[in-house]
Peer 1: 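Here it is: the structure, laid out below.
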Protein chains: 2
Amino acid sequence: MTTRKENSTYTRNEQCIVNCDLTYAVQKIEGRWKLLLLYKLSKNKLRFNELKKEFSYMSERMLSLQLKTMEKDGLIKRTVYAEIPPRVEYEITEVAKELLPILDQLSSWGSKQRKAV
Amino acid sequence: MTTRKENSTYTRNEQCIVNCDLTYAVQKIEGRWKLLLLYKLSKNKLRFNELKKEFSYMSERMLSLQLKTMEKDGLIKRTVYAEIPPRVEYEITEVAKELLPILDQLSSWGSKQRKAV
DNA sequence: GTCATTACTTACAAATTTGTTCGTGCCTAA
DNA sequence: TTAGGCACGAACAAATTTGTAAGTAATGAC
């Protein structure tokens, strides 16, 4: 999200799990708002302000940061139209689409699990 | 993991996503070492010290904390034997077992995705 | 009586994540 | 000429997560 110190103990310890594909995958969807964004964008292509209105309880800064990492991670695509006022559209990528059925399963597991605990 | 302040802005904003089953589910598997532990325990029932040796790069404190939350979340079962020196065994629960195939899919997605980016 | 073993716990520090508030550059409508 | 919309960015503060190092209680072996 923000830049990381390269040689912190935190980062060094992270190296120990770097070869785990599962942990890698989960890191892509971790973060408080990422899944909500992904889910929303899986239905429609949306502009920044539309997302902002949709998730009014989420700060603009977080929206911006999460979108940026998701773009870097190849989950969403960002398209800028050279207009005034500016228009930027966000949409889900093919890779991320492959994630959706898995997330559905996770979601039902969550629902079931929540009732149980 | 550690105790939380009840009325922080952080916690208040978390309320906004509390009804999302998917986010709920992901929160159960978030955390740097949780997935590794879960995966390991899915193969064998193990004692605290065995886990400690297995994950030697992980601090005892983290091991203890993660196991504790996973137990609270119903992912693992903790059994104490009244012996000296003490013996405590950790094993995966049925609920968590249902998670495993989903995690497998996530893992292959991660593997594929990692190569692509 | 000292020491090792087991499964933790505590105190403290470092690192990261999230939140709040303000500001920017461009143009259009009033 | 002033105000407002758009898509952010920057500075700073609060909260949480992770890491390090040391300590605890009970008992059996020596």
Side-chain angles (χ1 to χ4, degrees), chain A residues 1-17 23 26-27 29-37 45-71 76 78-90, chain B residues 1-17 23 26-27 29-37 45-71 76 78-90:
Chain A
M1 229 57 88
T2 40
T3 54
R4 255 199 187 168
K5 291 184 183 166
E6 285 305 320
N7 218 3
S8 61
T9 55
Y10 188 96
T11 298
R12 278 204 306 277
N13 265 31
E14 194 176 41
Q15 294 306 310
C16 305
I17 50 174
T23 304
V26 171
Q27 279 177 353
I29 56 173
E30 263 178 354
R32 175 165 289 186
W33 311 104
K34 243 182 250 180
L35 288 168
L36 296 179
L37 287 171
K45 184 189 290 199
L46 285 172
R47 302 180 59 177
F48 188 85
N49 255 24
E50 289 170 330
L51 286 169
K52 189 175 134 189
K53 272 167 206 155
E54 192 66 39
F55 301 107
S56 54
Y57 40 79
M58 179 175 169
S59 71
E60 266 184 280
R61 171 183 141 83
M62 270 302 113
L63 180 54
S64 173
L65 281 176
Q66 305 260 29
L67 287 172
K68 204 183 293 179
T69 29
M70 286 168 82
E71 190 198 359
I76 58 175
R78 181 172 176 271
T79 312
V80 185
Y81 296 90
E83 304 174 356
I84 296 291
R87 179 158 66 100
V88 179
E89 282 183 348
Y90 293 92
Chain B
M1 226 63 86
T2 38
T3 52
R4 255 194 186 173
K5 292 185 183 164
E6 284 305 319
N7 219 3
S8 60
T9 56
Y10 186 97
T11 298
R12 279 202 307 276
N13 267 29
E14 193 175 41
Q15 294 306 310
C16 306
I17 52 174
T23 304
V26 172
Q27 279 177 353
I29 56 174
E30 262 178 356
R32 174 166 289 185
W33 311 105
K34 244 183 250 181
L35 288 169
L36 296 179
L37 288 170
K45 184 189 289 199
L46 286 172
R47 301 179 60 176
F48 187 86
N49 257 21
E50 290 169 330
L51 286 169
K52 189 175 133 187
K53 272 167 206 154
E54 191 65 39
F55 301 106
S56 53
Y57 40 79
M58 179 175 170
S59 71
E60 266 184 281
R61 172 182 139 84
M62 271 302 116
L63 180 56
S64 174
L65 280 176
Q66 306 260 32
L67 287 171
K68 204 182 294 181
T69 30
M70 287 167 81
E71 191 199 357
I76 58 175
R78 181 173 175 270
T79 313
V80 185
Y81 296 90
E83 303 174 357
I84 297 291
R87 180 158 65 102
V88 179
E89 284 183 346
Y90 293 93

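Here is how names work: the chains are called A, B, and so on, in the same order as the sequence lines, proteins then strands, and each is numbered from 1.
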Peer 1: So B:Trp33 and A:Ile17, do their side chains get closer than 4.5 Å, heavy atoms only?
Peer 2: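 Yes - at least one pair of side-chain heavy atoms lies under 4.5 Å apart.
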
Peer 1: Could you state the atom-to-atom distance from OH of A:Tyr57 to P of C:dG19 in whole Å?
Peer 2: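 About 12 Å, once rounded to whole Å.
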
Peer 1: Give each protein N/O atom lying under 3.5 Å from an N/O atom of nucleotides 6-12 of chain C, with the pair distance.
Peer 2:
| residue | atom | partner | partner atom | Å |
| --- | --- | --- | --- | --- |
| C:dT6 | OP2 | B:Asn49 | ND2 | 3.2 |
| C:dT6 | O3' | B:Arg47 | NH2 | 3.2 |
| C:dT6 | O3' | B:Pro86 | O | 2.8 |
| C:dA7 | OP1 | B:Arg47 | NE | 3.0 |
| C:dA7 | OP1 | B:Arg47 | NH2 | 2.9 |
| C:dA7 | OP1 | B:Val88 | N | 3.3 |
| C:dA7 | OP2 | B:Asn49 | N | 3.1 |
| C:dC8 | OP1 | B:Arg78 | NE | 3.4 |
| C:dC8 | OP1 | B:Arg78 | NH2 | 2.4 |
| C:dC8 | OP2 | B:Tyr90 | OH | 2.6 |
| C:dC8 | N4 | B:Glu60 | OE1 | 3.2 |
| C:dC8 | N4 | B:Glu60 | OE2 | 2.7 |
| C:dT9 | OP2 | B:Ser64 | OG | 3.2 |
| C:dT9 | OP2 | B:Lys68 | NZ | 3.1 |

Peer 1: What's B:Ser59 touching, base or sugar-phosphate or nothing? Going by heavy atoms closer than 4.0 Å.
Peer 2: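 Counting heavy atoms under 4.0 Å across all strands, the contact made by B:Ser59 includes a base.
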
Peer 1: Between P on D:dA14 and CG on B:Asn13, what's the gap in Å once rounded to a whole number?
Peer 2: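 Spelled out: CG on B:Asn13 to P on D:dA14 is 16 Å.
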
Peer 1: I need the minimum non-hydrogen distance between B:Leu35 and B:Ile29, along with the two atoms involved.
Peer 2: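 Distance-wise, the nearest heavy atoms are CG-O, 3.7 Å.
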
Peer 1: Does A:Thr11 put a side-chain nitrogen or oxygen below 4.0 Å from OP1 or OP2 of C:dT16?
Peer 2: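 Affirmative; the distance criterion is met.
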
Peer 1: To the nearest angstrom, how far is A:Met62 atom CE from C:dT21 atom P?
Peer 2: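 Value for this atom pair: 15 Å.
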
Peer 1: Once you round it to whole Å, what is the distance between P of D:dA7 and CG of A:Leu46?
Peer 2: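 Roughly 11 Å, once rounded to whole Å.
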
Peer 1: Are any non-hydrogen side-chain atoms of A:Leu51 and A:Leu67 less than 4.5 angstrom apart?
Peer 2: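 Yes - at least one pair of side-chain heavy atoms lies under 4.5 Å apart.
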
Peer 1: Going through the checks in order, is the side-chain contact (heavy atoms from CB on, under 4.5 Å) test met by B:Leu37 and B:Met58?
Peer 2: CA-CA 11 Å; B:Leu37 288 170; B:Met58 179 175 170; 3.9 Å; yes

Peer 1: For residues A:Arg47 and A:Tyr81, determine if any side-chain heavy atom of one lies less than 4.5 Å from a side-chain heavy atom of the other.
Peer 2: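 No, every pair of side-chain atoms sits at 4.5 Å or beyond.
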
Peer 1: A:Val88: which residues meet the side chain to side chain contact (heavy atoms under 4.5 Å, CB included) condition with it, sequence neighbours left out?
Peer 2: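 Once residues adjacent in sequence are excluded, the partners of A:Val88 under the side chain to side chain contact (heavy atoms under 4.5 Å, CB included) criterion are A:Arg78, A:Val80, A:Tyr90.
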
Peer 1: In whole angstroms, how far is the C1' atom of D:dA7 from the CD1 atom of A:Ile76?
Peer 2: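 That distance rounds to 14 Å.
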
Peer 1: Whole angstroms only, please: what is the CE-P distance between B:Met58 and D:dT17?
Peer 2: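 These atoms are roughly 15 Å apart.
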
Peer 1: For the side chain of B:Lys34 and the backbone of B:Glu30, is there at least one donor-acceptor N/O pair under 3.5 Å apart?
Peer 2: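 Such a contact is found between B:Lys34 side chain and B:Glu30 backbone.
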
Peer 1: May I have the distance from A:Gln27 (atom CD) to D:dT17 (atom C1'), rounded to whole angstrom?
Peer 2: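 In whole Å, D:dT17 C1' and A:Gln27 CD are 14 Å from each other.
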
Peer 1: Between the opening five pairs and the closing five pairs of the helix from C:dG1-D:dC30 to C:dA30-D:dT1, how far apart are the helix axes, to 10°?
Peer 2: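 The value is 30°.
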
Peer 1: Grab the CG-C1' distance between A:Leu65 and D:dA7 for me, whole Å please.
Peer 2: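 Answer to the nearest Å: 14 Å.
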
Peer 1: Taking the side chain as every heavy atom from C-beta outward, state whether A:Leu46 and A:Glu54 have any pair of such atoms under 4.5 Å apart.
Peer 2: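 Counting from C-beta outward, A:Leu46 and A:Glu54 never come under 4.5 Å.
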
Peer 1: Heavy atoms, side chains only, cut-off 4.5 Å: are A:Asn13 and A:Thr9 in contact?
Peer 2: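 The answer is no, as the side chains (C-beta and beyond) never meet within the 4.5 Å cut-off.
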
